[in-house]
Number of protein chains: 2
Amino acid sequence: MVKNTRRTQRGEASLSRERIVEAAIALLDEHGESGLTFRALSEELATGAGAIYWHVANKGELLSAACDAMVARAMDAAVTAAPPRETVRILGLGLFDAIDAHPWVGAELARSPMKMPMVRILEAIGRQMRTFGVAEQELWLAASSLLNFILGVAGQNAANSEYARAQGLVRASFFDAVSSAWSALDEDAFPFVRSMIVPMREHDDRADFLAGIDLILDGIAAR
Amino acid sequence: MVKNTRRTQRGEASLSRERIVEAAIALLDEHGESGLTFRALSEELATGAGAIYWHVANKGELLSAACDAMVARAMDAAVTAAPPRETVRILGLGLFDAIDAHPWVGAELARSPMKMPMVRILEAIGRQMRTFGVAEQELWLAASSLLNFILGVAGQNAANSEYARAQGLVRASFFDAVSSAWSALDEDAFPFVRSMIVPMREHDDRADFLAGIDLILDGIAAR
DNA sequence: ACCTGAACACCGTTCAAGT
DNA sequence: ACCTGAACACCGTTCAAGT
C-alpha cells in the first residue's frame, strides 16, 4: 500500500469507490438528482472523468451504490429487540425519515429492480414477518406487500420533494399548491378528490405511513 | 379552420398536442423510456423540434400527458356496476395490465407528484371506498394507502421490465437472474431472502398484486 | 399563429496517452 | 494499476427567421 503515501500524507485520500460514493451522496443531498454529474463529481474529487470510471462502471451503478449506503445505514439503525409489529414500524419509519431527508433515495428505490438496496429491506421486513408468526406459504406475500407499500410511499415522497424543490417551494406550500389544483377540478367528474381537499391538507405523511403499515399488518393477521 | 386544409387533404393531420402525445406513446412503447427524444419525435412527425415546443412546454409535460392518456383509458375501461371490493380489484388489474404492457407508465406514475394521472386513480379508488362503507374520517387513509400500494407495485413492475429490456431478457429469465443473484448472498446475513428464492420464483405478479389489495381491504374492513 | 432548423449548453462515456 | 483530459455522440431547449 505504498502507492498513494504521498497523497495520503497531504491529507487527500487517494481515489476509491468509497470516496466517490461519498462525494456522490454529498452532491445528491445538496442539489438533488440533477446535481449528480460526472463533471461535478470530477471537480469535487479533483480528478478527471476517466478516473471515476476506473472505480465505477457507470452512473446507474453509482446511484445504486449511493442509495444502498443510505438504506444500509437506515436498516442498521433500526435494529431492536422489540416485538415484530413494533420493529416493522421502526424499520419503516427509519426508511421514511431517510427518504424524507434524502429524496433521491426514494426515487432510486422506486426504480431499482430486485437488487441490493431492496434486498436489505426485504430481509429486515421478512425476518419480522417470520417472528410475527406468518405461515410459511404466506411469507412471500406478506413481506412483498409490505415492501411494495413502502416503496410506493417512498416514491411519492421523493416525487413531492423533487417537485417542491424544482418549484422552489417548502413542504407546506407544496400541499397548498395541490389543494388549489384540486379545487379547480370539475365537481361532477371528481367528487371524491374534491371532498378530500381538507383531509389531504390536514394529513400527516408520517402518521399515514404508519397507519398504512398497520392496515397491512392487520390484514395479514386476519388470515 | 382553413389554415391546414392542404395538409389535411394530403392525409397528414396538422401538428397538434394530441398527435404529438400519440407519437410519444408510440415511441415509448417501441423503444422504452430512452426512446422518447425530441429528435426522434421530430422525425416521426416530420417537423422541427421548435414546432413541438409550440404545443408542449417540455419533456416532462409530454411524458405526463402520455401517461395520463394511458391511465384515463385504463380507468374508463374498468367502469362496472360490481360491488366495491370487486370493482377495486378490476380497477387495480386494469392498471396492472396497462403498466405491464407499457412499463414507462409505471415509471412515470411513480415519479409524478399529486398531479393528473394520479388524481384519476385516487378518484376511482376513493369512490369505491366510500361505497365500501369506510368512515368519513378514514377515507383519506384508506384511499391513499391503496394508492401507495398500487404505485409501489407499478414502479417495481416497470423497473423490472426496463431492466429486463436493457439486458435483453424475457420476463422468465429475469427472475432466473434474480434467483441466482440471491443464491450468491451470504446465508448468515440474508437468511430470509435466501429462503424466499423458491417462493419468489414461483410467485405470480398478478395474483400477488390482487392478494395485496385484499390484504389492505381486509385491514380496512377490520376497523 | 404556427413552423423551421441551426445553435447552445449541457450530458454520459470512451480512449489514447501518460505515470 | 491507476489517472488525465480531450473528444465523441448524444441530449433538451431556445430563438431568430420564415410563412
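Note that the structure is a prediction, hence the values are computed from the model and not measured. Labels below follow one simple rule: chain letters A, B, ... track the order of the sequence lines, proteins then strands, and each chain is numbered from 1.
- Within the 4.0 Å cut-off from OP1 or OP2 of C/dC3, at least one side-chain nitrogen or oxygen of B/His55 is found.
- Rounded to whole Å, the separation between the P atoms of C/dC2 and D/dA17 comes to 22 Å.
- Formation of a donor-acceptor pair under 3.5 Å by the B/Ser16 side chain with backbone atoms of B/Arg19 is found in this model.
- Across A/Ala158 and A/Pro103, no two heavy atoms sit closer than the pair CB-O, 3.1 Å.
- Under the ring pair (Phe, Tyr, Trp, His ring centres under 6.0 Å) criterion, B/Phe192 pairs with no residue at all, not counting sequence neighbours.
- Among residue pairs with one or both ends in residues 56-77 of chain B, those qualifying as side chain to side chain donor-acceptor pair (under 3.5 Å) are B/Arg17-B/Glu61, B/Asp68-B/Arg120; sequence neighbours excluded.
- Between A/Phe38 and A/Tyr53, the two ring planes are parallel [angle under 30°; tilted spans 30° to 60°].
- What separates CG of B/Leu15 from C1' of C/dA1 is a distance of 13 Å, to the nearest Å.
- With the 3.5 Å cutoff on both pairing distances, Watson-Crick and G-U pairs in DNA chain D assemble into runs of at least 3 at C:4-8 with D:12-16, C:12-16 with D:4-8.
- Here B/Phe175 pairs with B/His203 under the ring pair (Phe, Tyr, Trp, His ring centres under 6.0 Å) rule; sequence neighbours left out.
- Considering only residues two or more places apart in sequence or on other chains, B/Glu123 meets the side chain to side chain donor-acceptor pair (under 3.5 Å) condition with B/Arg127.
- In this structure, the side chain of B/Ser112 does not engage the main chain of B/Lys115 through any donor-acceptor pair within 3.5 Å.
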Sugar-phosphate or base contact per nucleotide [nucleotides 12-19 of chain C; S, B, -; heavy atom under 4.0 Å]: BBBB----

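- Put simply, CG on A/Leu27 is 11 Å from P on C/dC11, counting in whole angstrom units.
- Spacing between atom CG of B/Leu45 and atom P of C/dC3 amounts to 11 Å, rounded to whole angstrom units.
- Residue B/Arg19 contributes atom CZ, which lies 13 Å from atom C1' of C/dC3 at whole-angstrom precision.
- Separation of the C1' atoms belonging to C/dC11 and D/dC8 is 12 Å when rounded to the nearest angstrom.
- Rounded to a whole Å, the CG atom of B/Leu41 is 16 Å from the C1' atom of C/dG5.
- Using a distance-only test at 3.5 Å, with no hydrogens or angles considered, a donor-acceptor pair links the side chain of A/Arg194 to the main chain of A/Ser183.
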